[in-house]
Amino acid sequence: MTKKSTDSAYQFEVIENQARKLWQKLKIFKFNPQKKQPLYVVDTPPPYVSADHLHSGHIMSYAQAEFIVRYKRMRGFNVFYSMGFDDNGLPTERFVEKKYQINKNKISKSKFIKLCLKETEIGSRTYKKLWDNLGISVDWSKTYSTISPIAQKISQWSLIDLNKKGGLYQKQVPILWCTTCRTAIAQADLEDKEQASKMNYIDFQGQKDQKLTIATTRPELIPACVALYVHPKDKRYADLIGSSATPALCQHQVPIKANPNVDPEKGTGLIMVCTWGDVEDLEKWRLDKLPTRSIIQENGKLNQLAGPYQGLTIQEARNKILKDLKNAGLLRRQEKINHTLNVHERCDTPMELVKSRQWFIKIANLQKTWLKYGRQLNWYPKSMFKIYQNWVQSLKWDWCISRQRYFGVPIPVWSCQKCDHKIFAKIKDLPVNPLEDPAPVKKCPGCQNSKLQPESDVMDTWATSACTPFLLRELVGKNRQSVYDKMFPVSLRPNAFEIIRTWDFYSIVKSHYNFKKIPFKDVMISGHGLDEHGRKISKRLGNYQPSDRLLQQYGADAIRYWATGASLGQNLRFNAKEIKKGRKTAIKLFNINKFLSIHLEELSQKHIKSISQNLNQNKDLEPADLWILKSLNQCIKKTTTAFENYNYAGAKNTIHDFFWSQFADYYVEFIKYRLANSRLTASKKAALAVLYQVFFNIAKLYAPIIPFITEYVYRQSFSKNHSCESIHVCSWPEKLAFSGRINQQEFNQALAAIDEIRTYKSKQGLALGKEIPTYQLKTRVNLTKFRNFISQVMKVKKLT
RNA sequence: GGGCGUUUAGCUCAGCUGGCUAGAGCAACUGGUUUACACCCAGUAGGUCCAAGGUUCGAAUCCUUGAGCGCCCACCA
């Protein structure tokens, strides 16, 4: 008993460690495919292992989804909750390049891949530790990584199948290109970035020595100019249509054409079309079958067509040509402007259009299909469908899935060098790497040529992660056929809003081609974690605390509690006070548990057994008991509805109100005088039974949100009388049956009377427990019924 | 230019399909060792619910218009 001073205070380290060990030992979260209960399959976003700065935002979004997982588990679902890691593709490669200050082109492929694998190993360990500490209830025997053989196999299968269904093609076209990463990229990989630039007004040479002024922000593309355009009704230029011009500092001639899309108001009304400066150029080039003068190479440097600018980078060429134009007197004027550029989200490099041979999945002209699927999903919150819709409607390009990179899933194809016939790998051989493995046939089935070229490109990392809805069941295996079949489509896809246009959208694309089905039923979208000022958390700003330090400082329960602070889809500011509120809640539960156990200690096993029984036979319940039970039932109903709608924030608010304002601050105070009786009266027994039942249910309601302290409470006070190994596999609370009726309004008057006396004592500077001889109530209350109750609770000898 | 979200107490936010005097936590102030808890308890003060108009017996809540903030998309000659 000398240890009492340390034992009697709440120490989250001890409590949380105990719970972690218990869950591990009992394998509470292990998926059991043999269970009869309905399945609930969660398609958790596999985090990029290359994130080396985990912060409150990561904690927030994974915790929010996990509240639902724990709730569903208690609801009796057979929950499948696995964790994957997304470790292939550009994010990882960029991370490795930055960390080791290298460039993929200056290191051997095998060395580079080795480094990538090393970093992904480190990354996944970091994440696993964080998730364990946070109490993310994953079945760790069901993990995958997107570079693992099983993921490669499914990803390659999906692609081959998609090809059979006509969704795949290879083509040499101008494509979005990143000159830093030296790979093709997709529309979804672009990001907006505002940049200061200059609008340059430059004179081209017309046929009759006229000066034709064009405006451009990209003068380095002048050597790539293939035509000039005016609006057909623009009087200023009407006589030019059909003639030609010579771009500034160039020798070649370009035609002057008319197109109604040209806005006479913008610039000079005379525009240059280059191959290819932007999407507009591309359209006119296609439409009018213009010649190609492509000057930007894959490495971002200019080629021989650029003449004196050959070998320069885009920026160098821009500076030099502006200087030359100025010297030649062809630069009329410059205007400073701010414009938004499309940049590659991984490296901030402005996107270029470069002609290149790539693999595509057909998505661009199927908007209606994608919207149809989108409407079939249950979006939580509903408004997130709009983001999806918005994106689908803005699709311009087919999905370019080939990347000229190293660390990814290979495209499982060989091409005949003679007739370009495509030979796909055999399904039974997957996963394959065409660069290392033999082709499935010796000769081209088309022309009998024996020279087969292995594909060297890898896939966009999203092309693999988009397969997770049908990858998860592979972790269970086909020998569990009945479960395997039911695991797709999955029940829930939880993710942050910024990957709706990538992960969610691409998953729908894959699922459409491969199965003609929606990939998931419910989508739960989370917001962002922000810093305390509402700014986006970024490594560059350093405006965050590392997640492991947060956990050490506050404990997992407290931080999880904070994560309930944003309603679904909303951003959440970091707020240390809100975390402390979580800790206070844990402390309160800890202390009430202590209060309960002190009273349970006095009882015999037989009596404890009896108070853990149903209350519907108990004839001794008093008004306060009935009031709290009725209130608990309302709380259970409201909390359940909230969780059913993925509204963990509403659930928390409901439980919080009930627990603090009604249970802790009132009910526990109301029964103290009954418990103080040294004899085990019927009244005392009733109070203990209600205290026991209500507190048990509160612990269960809180369990999905603060799993550690609730597990502690369960082990301490309830597990002896209930068969569940852990509170997290106990059944979710349902409406309690009890005998007796209560007039809620009448009882509310008694509560008002108690408040009145509390205020009086407080204003008099009296302790609440101080006995006062007499008090005259102003509140109208049925005293014949409640005199004894009020005067006992408030220690008033004579109440009138 | 288009879309989405947001605006409620000093701060961070709840307020569902319109209905009793608009709530919580923190901060401030006053008081209190009360047999679970000083990591506590009780109380006090603090709000033209962004603005204007409309619907209604009644609006923080619904409609219209506008403003501020944040995000996404488009344009970037």
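Convention: sequence-line order gives letters A, B, ...; per-chain numbering from 1. Quick note: numbers below take in every heavy atom, side chains included, and nothing from hydrogens, waters or symmetry partners.
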message: Whether A:R583 engages the ring of A:F708 as a cation-pi pair (distance to the six-membered ring centre under 6.0 angstrom, angle to the ring normal within 45°) should be assessed.
response: no
statement: Testing B:G32, B:A77, B:G5 for proximity to the side chain of A:A767, the answer is B:G32
field: Rounded interatomic separation in angstrom, taking CD1 from A:I337 and C1' from B:A77
entry: 10 Å
message: For a quick test of reading the model, state the closest non-hydrogen atom pair linking A:I295 to A:A224 and the distance between them.
response: CG1-CB, 3.8 Å
- request: When you get a sec, tell me which of B:A77, B:A36, B:C39 is the closest nucleotide to the side chain of A:D278?
  value: B:A77
task: Identify whether any heavy atom of A:S567 sits under 4.0 Å from a base atom; if not, whether one sits that close to sugar-phosphate; answer base, sugar-phosphate or nothing.
output: sugar-phosphate
- request: Find which nucleotide of RNA chain B each of A:K770 and A:N575 is nearest to by heavy atoms, and output the residue with the more 5' nucleotide.
  value: A:N575
field: Between B:C16 (C1') and A:F643 (CZ): distance, integer Å
entry: 17 Å
message: Applying a 4.0 Å non-hydrogen cut-off, can you work out what A:K588 is touching in the nucleic acid: base, sugar-phosphate, or nothing?
response: base
message: Need one value for A:M199: base, sugar-phosphate or nothing, where a base atom within 4.0 Å counts as base even if backbone is also close, heavy atoms only.
response: sugar-phosphate
message: Check this one for me: any side-chain N or O of A:R583 less than 4.0 Å away from OP1 or OP2 of B:C39?
response: no
- prompt: With sugar-phosphate meaning primed atoms plus P, OP1 and OP2, does A:D263 contact a base, only sugar-phosphate, or nothing at under 4.0 Å between heavy atoms?
  reply: base
message: By the 4.0 Å heavy-atom rule, please label A:A664 as base, sugar-phosphate, or nothing.
response: base
- prompt: Between A:K577 and A:E532, does a salt bridge (Lys or Arg N to Asp or Glu O under 4.0 Å) hold up when you go through it step by step?
  reply: CA-CA 11 Å; A:K577 280 169 188 156; A:E532 62 269 39; over 6 Å; no
message: Would you say the rings of A:Y544 and A:F574 are close, in the sense that their centroids are separated by under 6.0 Å?
response: no
message: Can you measure A:K577 atom NZ to B:C13 atom P for me and round it to whole angstrom units?
response: 13 Å
task: Measure from CD on A:E345 to C1' on B:C71 and round the result to the nearest Å.
output: 15 Å
- prompt: So does A:K584 reach the base of B:C39 with its side chain, donor to acceptor, closer than 3.5 Å?
  reply: no
- prompt: Base, sugar-phosphate, or nothing for A:D665, non-hydrogen atoms under 4.0 angstrom?
  reply: sugar-phosphate
Close N/O contacts between protein and nucleotides 1-3 of chain B (under 3.5 Å):
{"residue": "B:G3", "atom": "O2'", "partner": "A:N390", "partner atom": "ND2", "Å": "3.3"}

field: From A:Y667, A:Y702, A:Y666, residue fulfilling ring pair (Phe, Tyr, Trp, His ring centres under 6.0 Å) relative to A:F659
entry: A:Y702
message: Pairing donors with acceptors under 3.5 angstrom, does anything connect the side chains of A:T275 and A:R293?
response: no
query: Considering only the C1' atoms, how many Å lie between B:U7 and B:G15, rounded to the nearest integer?
result: 15 Å
message: Please report the distance separating the P of B:G1 from the corresponding atom of B:C63, rounded so that it comes out in whole Å.
response: 24 Å
- request: Rounded to the nearest angstrom, tell me the gap between atom NZ in A:K652 and atom P in B:G25.
  value: 12 Å
field: Atom P, compared across B:C4 and B:G10: separation rounded to whole Å
entry: 31 Å
Pair A:N593-A:S717, side-chain donor/acceptor within less than 3.5 Å: yes
- request: Could you tell me the separation between the OH atom of A:Y673 and the P atom of B:U34, rounded to a whole number of Å?
  value: 21 Å
Euclidean distance for C1', B:A59 against B:C50 (whole angstrom): 16 Å
- prompt: When you measure from the centre of the six-membered ring of A:Y201, is the NZ or CZ of A:R333 under 6.0 Å away and within 45° of the axis?
  reply: yes
query: With under 30° as parallel and over 60° as perpendicular, where do the rings of A:F505 and A:W370 fit, or are they tilted in between?
result: perpendicular
task: Answer with yes or no whether the side chains of A:Y561 and A:H656 bring together a donor and an acceptor at under 3.5 Å.
output: yes
message: Tell me whether the side-chain N or O atoms of A:E669 pair up with the base of B:A36 as donor and acceptor below 3.5 Å, since no angle test is needed here.
response: yes
- request: Can you tell me, in whole Å, how much space there is between the P of B:G3 and that of B:G66?
  value: 11 Å
- prompt: Heavy atoms, side chains only, cut-off 4.5 Å: are A:M60 and A:H528 in contact?
  reply: no
- prompt: For A:I214, which contact category applies under a 4.0 Å heavy-atom criterion: base, sugar-phosphate, or nothing?
  reply: nothing
Selected nucleotide, minimal atom distance to A:I598 side chain, candidates B:U6, B:C13, B:A36: B:A36
message: With a 4.0 Å cutoff (strictly under), does any side-chain N or O of A:T217 reach OP1 or OP2 of B:A77?
response: yes
message: What's the gap between B:G5 and B:A14 when it is taken at their P atoms, as a whole Å value?
response: 15 Å
query: How do A:L768 and A:R218 order along RNA chain B: which one's closest nucleotide is nearer the 5' end?
result: A:L768
- request: Please lay out, stage by stage, how A:D288 and A:Y229 fare under the test side-chain hydrogen bond (donor to acceptor under 3.5 Å, both in side chains).
  value: CA-CA 11 Å; A:D288 289 343; A:Y229 275 82; 2.3 Å; yes
- prompt: Expressed in angstrom and rounded to an integer, what is the separation of A:L568 atom CG from B:C4 atom P?
  reply: 18 Å
task: Output the residues of residues 743-764 of chain A in contact with RNA chain B, where contact means a heavy atom of the residue under 4.0 Å from an atom of the strand; sort by number or write none.
output: A:R758, A:T759, A:S762
- prompt: When all nucleic acid strands are considered with a 4.0 Å heavy-atom cut-off, which category describes A:V273: base, sugar-phosphate, or nothing?
  reply: nothing
- prompt: Starting at the 5' end of RNA chain B, what dot-bracket string do you get if Watson-Crick and G-U pairs under 3.5 Å are bracketed, crossing pairs use [ ], other-strand pairs use | and unpaired bases use dots?
  reply: (((((((..((((.....[...)))).(((((.......))))).....(((((..]....))))))))))))....
- prompt: Could you state the CG-P distance from A:L212 to B:A77, rounded to the nearest angstrom?
  reply: 18 Å
task: Just call it for A:S394: base, sugar-phosphate, or nothing, with non-hydrogen atoms closer than 4.0 Å on any strand.
output: sugar-phosphate
- request: Assign A:I587 to base, sugar-phosphate, or nothing according to its heavy-atom contacts below 4.0 angstrom with the strands shown.
  value: base
Selection from B:G32, B:A24, B:C73 that lies nearest to any side-chain heavy atom of A:K581: B:A24
- prompt: Taking the six-membered ring where the residue is Trp, are the ring centres of A:F643 and A:F67 under 6.0 Å apart?
  reply: no
message: Is the distance from the ring center of A:Y554 to that of A:W562 below 6.0 Å?
response: no
message: At 4.0 Å (heavy atoms only), tell me whether A:K672 reaches a base, stays on the sugar-phosphate, or touches nothing.
response: base
task: Using a 4.0 Å heavy-atom cut-off across all strands, classify A:L675 as base, sugar-phosphate, or nothing.
output: nothing
is_close_aromatic(A:Y10, A:Y712), centroid dist under 6.0 Å: no
- prompt: Does a donor on one side chain sit under 3.5 Å from an acceptor on the other, for A:D203 and A:T213?
  reply: yes
- prompt: Does A:R501 place a side-chain N or O at less than 4.0 Å from the phosphate oxygens OP1/OP2 of B:C72?
  reply: no
query: Quantified in whole Å, what is the P atom distance between nucleotide B:C39 and nucleotide B:G23?
result: 31 Å
message: Between B:G47 and B:A24, how far apart are the two C1' atoms, rounded to whole Å?
response: 14 Å
query: If you look at every strand shown and take non-hydrogen atoms under 4.0 Å, does A:K396 touch a base, only sugar-phosphate, or nothing?
result: sugar-phosphate
